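In this text the structure is predicted, and so the values were computed from the model without any measurement. Convention: sequence-line order gives letters A, B, ...; per-chain numbering from 1. All heavy atoms count here, side chains included; hydrogens, waters and symmetry mates do not.
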Amino acid sequence: MDERKEAGGGEDELFFSMRLLEWYNGQKRDLPWRRSRDPYKIWVSEIMLQQTRVDTVIPYFNRFIERFPTIDALAEAPEEEVLKAWEGLGYYSRARNLQSAAQQVKELYGGKVPDDREAVFGLKGVGPYTAGAILSIAFNRPEPAVDGNVMRVLSRFFLIEDDIAKPKTRIKMEALAKSLIPEGEASSFNQALMEHGALTCTPKSPRCLVCPVMERCAGRLAGVETELPVKTKAKPPRPEERLAALVEGRGEHAGRVLIRQRPTRGLLARMWELPHWPAPGDIGAGSGRPGEAAAMDRLRRSLAEAGVAARPEAYMMAAEHTFSHIHWTLQVYRCREEELPQPMAAEARGLYAAGSGAAAGGDAPGGEPALLLPGAEQPGLFADEGGAEEERPDMRWIGREDMANYAFPNVFLKLLNAYFDGQEAAGRR
DNA sequence: AATGCGGGGTA
DNA sequence: TACCCAGCATT
C-alpha cells in the first residue's frame with residue numbers, strides 16, 4: 001500500500017483539507033452559535049444539533065440561550081422549564097442530560113466547561129462526537145468530530161465502503177478525520193467538514209458540480225457517489241393502535257381538558273399528553289376506524305381504571321405519530337366528565353391525587369389534580385401496560401392558558417392547540 | 001452489538 | 001405516501 005495513504009499528509013489528503021478550509025472560510029453560514037466563542041453556547045448548539053437540522057435548531061437555540069444564558073442559570077432552573085424549552089425538538093433525554101451536565105460542570109469545574117478530553121467526555125449526554133465538537137470548535141483542539149455528515153463526506157471522497165452503521169467504522173473514520181486536521185485549524189476544519197456535508201455533499205443528490213473537492217473525489221470518479229455511504233437499513237417501526245381520550249371537564253372543570261404526565265423513564269419521559277391506551281386487537285386492527293361503540297366502551301373502562309369518571313361521546317379524529325421504532329395511530333374520542341351526585345362529589349374532593357410536583361411555573365391556574373372516582377386508591381401502585389408496577393400518573397385539568405406550563409410531544413401539542421382553537425371559534429359564534 | 005429514543009425533510 | 005436522516009445511553 002502506498003505510504004501516503006496511511007497518514008494524512010498525502011496529496012489527496014492535503015488537497016481535501018486545504019480546499020475545504022478555503023471554501024468554508026469563504027462561505028460559512030452565519031449561525032447564532034458561530035457569533036460567539038462561548039463554550040457553553042457551542043455545547044448547547046451541539047446537543048441540539050444531534051439528529052436535528054440547523055434550520056430547526058436556530059429558533060430553539062435563541063430561546064434557550066435567552067432563557068438560560070449561563071451554565072449556572074441552566075443548572076439552577078426547574079427541570080420542567082428546561083423540558084418546556086425543548087418541547088417539539090424531540091429526544092428529550094438530551095435536555096435532561098444537558099441540565100444534569102450543567103450541574104456537573106458547576107460542581108466539578110467551577111462552572112466553566114472543561115477543555116480536556118476526559119472531563120468533557122465524562123459529561124452526561126456527551127459522547128465521542130460531541131466531545132470532539134466542543135474541544136475542537138470551542139478550544140481549537142485537534143480532536144476529530146465525526147457525525148453522519150462527516151462519515152458521508154469521507155466515505156465518498158476516499159471511497160470507503162465500510163458500513164457506517166457499525167461502531168468500528170466510526171473509530172476508523174475518527175482516525176482518518178483526525179489525521180486530516182491542518183495544524184492549528186481544528187475549529188474551522190471540523191466545521192468545514194460538517195458544513196460541506198450539510199450544504200454540498202448531501203445524502204440524496206450531492207451538488208458535485210459546485211463541490212470544491214470534486215476533481216479528486218474517489219467516489220465521484222468511480223461514479224458511485226450516490227451509493228455511498230454504505231449503511232444497513234434500520235428496521236421499520238412497529239405499528240401501535242391506541243385509543244385516546246380528550247376529556248372535557250364539567251362543573252368546576254368547565255372549559256378545561258384532562259392531561260396526564262408520562263412516567264419518569266422511557267418514551268417521552270415526564271412529558272404531558274392526552275390519556276391513551278392500547279386499542280384491543282379486534283377494535284383497532286388493520287385500517288380504517290375501529291368499531292366506535294366497542295372503542296368507546298373500552299375507553300370508558302380505561303378512564304375509570306385510571307380513576308376518571310368520564311363518558312366517551314363521539315369519535316373526533318385520528319392522529320399519527322412516528323418514532324424511530326414505533327408508529328402510533330391514535331383514535332381520539334371526545335369525552336365528557338361525569339357530573340357526580342353532590343354528596344359523592346364532596347367525598348371525591350377529598351380524594352384528589354396527592355400533588356406530585358407542580359408543573360413549570362409552580363401552581364398553574366387550573367392545574368389542579370383530576371377529580372377521581374370515589375374508591376380509587378390514590379396515589380397507589382397500579383400495573384402498567386407491561387405489567388410492571390409504577391406510580392399512578394399525575395393528571396390535571398388544563399385550559400388553553402395552561403399550555404405554556406406543560407411540555408407536550410408534538411402530536412399532542414398540535415391536537416390540543418387545534419382543539420382550543422376550535423373551542424374559541426365556536427365560542428365566538 | 002443491539003436496542004431505545006423524536007421529529008422533520010425529500011423524492 | 002414512503003423513505004431517509006443518525007448521537008448517546010442502556011442493556
Side-chain angles (χ1 to χ4, degrees), chain A residues 43-60 83 85-101 104 120-134 144-155 162-171 173-174 177 190 194 197-199 201-207 226-240 262-273 287 318-330 386 407-415:
Chain A
W43 178 20
V44 170
S45 74
E46 288 302 336
I47 299 294
M48 285 188 173
L49 287 164
Q50 288 169 10
Q51 336 288 309
T52 314
R53 324 174 70 83
V54 165
D55 289 342
T56 306
V57 165
I58 290 173
Y60 281 92
L83 214 49
W86 212 270
E87 179 184 67
L89 209 45
Y91 287 116
Y92 299 96
S93 66
R94 291 185 297 174
R96 281 180 281 118
N97 286 338
L98 179 59
Q99 187 184 27
S100 161
Q104 265 179 288
V120 173
F121 205 93
L123 298 174
K124 266 227 166 65
V126 175
Y129 164 72
T130 310
I134 293 171
V146 173
D147 67 353
N149 283 319
V150 173
M151 288 204 275
R152 184 172 60 253
V153 170
L154 296 181
S155 73
D162 303 56
D163 182 353
I164 66 165
K166 300 242 183 291
K168 270 176 64 178
T169 305
R170 201 206 72 232
I171 306 285
M173 295 278 188
E174 280 173 348
N190 281 355
M194 292 187 270
L199 299 181
C201 199
T202 51
K204 286 295 188 181
S205 26
R207 298 164 168 79
T226 55
E227 319 290 313
L228 295 170
V230 173
K231 189 180 154 197
T232 53
K233 288 194 205 317
K235 293 192 304 189
R238 70 170 185 274
E240 269 187 30
R262 295 185 59 87
T264 51
R265 276 192 292 278
L267 185 67
L268 301 169
R270 276 177 257 185
M271 302 284 286
W272 292 81
E273 64 182 3
S287 56
E320 310 275 334
H321 196 59
T322 307
F323 307 91
S324 38
H325 56 310
I326 306 171
H327 178 87
W328 277 350
T329 301
L330 301 166
F408 297 93
N410 258 0
V411 63
F412 296 109
L413 191 62
K414 287 175 182 166
L415 227 150

Looking at A:M173 and A:I164, what are the two nearest heavy atoms and their distance?
CE-CG2, 4.3 Å
Applying a 4.0 Å non-hydrogen cut-off, can you work out what A:K166 is touching in the nucleic acid: base, sugar-phosphate, or nothing?
nothing
Atom CD of A:E273 to atom C1' of B:dC5: distance rounded to whole Å?
15 Å
Comparing A:T130 with A:P203, nearest DNA chain C nucleotide closer to 5' gives the residue A:P203
Heavy atoms from C-beta onward define the side chain here; which of B:dG6, C:dA9, B:dG8 lies closest to that of A:K414?
B:dG8
Distance check: side-chain N/O of A:H325 vs OP1/OP2 of B:dT3, anything under 4.0 Å?
no
Upstream residue (5' side of DNA chain B) when A:R53 and A:L268 are each assigned their closest nucleotide:
A:L268
A:Y129 OH - C:dG7 P separation (whole Å):
7 Å
Taking every heavy atom of A:G132 against every heavy atom of A:A145, the minimum-distance pair comes out as C-CB, 3.8 Å
Ignoring backbone atoms, establish whether A:N410 has a side-chain N or O less than 4.0 Å from OP1 or OP2 of B:dG8.
yes
For A:W328 and A:F323, what are the C-alpha separation, side-chain angles and deciding distance, and is it a ring pair (Phe, Tyr, Trp, His ring centres under 6.0 Å)?
CA-CA 8 Å; A:W328 277 350; A:F323 307 91; 4.8 Å; yes
A:S205 vs B:dT10: side-chain N/O to OP1/OP2 distance below 4.0 Å
no
P spacing across the pair C:dC5 / B:dC5, given as an integer number of angstrom:
22 Å
Under 4.5 Å between any side-chain heavy atoms of A:V126 and A:W43, yes or no?
yes
Base, sugar-phosphate, or nothing: which does A:P128 touch, judged by heavy atoms less than 4.0 Å apart?
sugar-phosphate
For A:V411 and A:K168, find the nucleotide of DNA chain B closest to each by heavy atoms; which residue's nucleotide sits nearer the 5' end?
A:K168
Heavy atoms under 4.0 Å, any strand shown: does A:Q50 hit a base, just sugar-phosphate, or nothing?
sugar-phosphate
Atom CG of A:L83 to atom P of B:dG7: distance rounded to whole Å?
11 Å
Can you check the A:D163 CG to B:dA2 C1' distance for me, whole Å?
13 Å
Looking at C:dA6, I'd like to know if its phosphate oxygens (OP1 or OP2) sit under 4.0 Å from a side-chain N or O belonging to A:R152.
yes
Nearest to side-chain heavy atoms of A:H321, which nucleotide of B:dA11, B:dC5, B:dG7:
B:dG7
Using atom C1' in both nucleotides, what's the gap between B:dT3 and C:dA6 to the nearest angstrom?
14 Å
Looking at A:K233, does any N or O in its side chain come under 4.0 Å of the phosphate oxygens OP1/OP2 on C:dC4?
yes
With distance as the sole criterion, do the side chain of A:K231 and the base of C:dA6 form a donor-acceptor contact below 3.5 Å?
yes
Output, in order, the C-alpha distance, side-chain angles, deciding distance and verdict of side chain to side chain donor-acceptor pair (under 3.5 Å) for A:R94 and A:N97.
CA-CA 5 Å; A:R94 291 185 297 174; A:N97 286 338; over 6 Å; no
A:Q50 vs A:Y91 side-chain heavy atoms within contact, under 4.5 Å
no
In this structure, how many angstroms lie between the P atom of C:dC5 and the CG atom of A:N149, rounded?
11 Å
Would you mind reading off the distance between A:I47 atom CD1 and C:dG7 atom C1', rounded to a whole angstrom?
9 Å
Given B:dG7, is OP1 or OP2 found less than 4.0 Å from the side-chain N or O atoms of A:Y92?
yes
Any base atoms under 4.0 Å from A:D55, or only sugar-phosphate, or nothing? Heavy atoms, all strands.
nothing
Taking CG from A:L199 and C1' from B:dG9, how many angstroms apart are they, rounded to a whole number?
15 Å
So, for A:L83 and A:A95, which heavy atoms are closest and what is the spacing to 0.1 Å?
CD1-CB, 4.5 Å
Determine: side-chain N/O of A:S93 to OP1/OP2 of C:dC8, distance under 4.0 Å, yes or no.
no
Could you tell me how far apart A:L267 (CG) and B:dG7 (C1') are, to the nearest whole angstrom?
13 Å
Taking only the P atom of each, what is the distance from B:dG6 to C:dT11 in whole angstrom?
15 Å
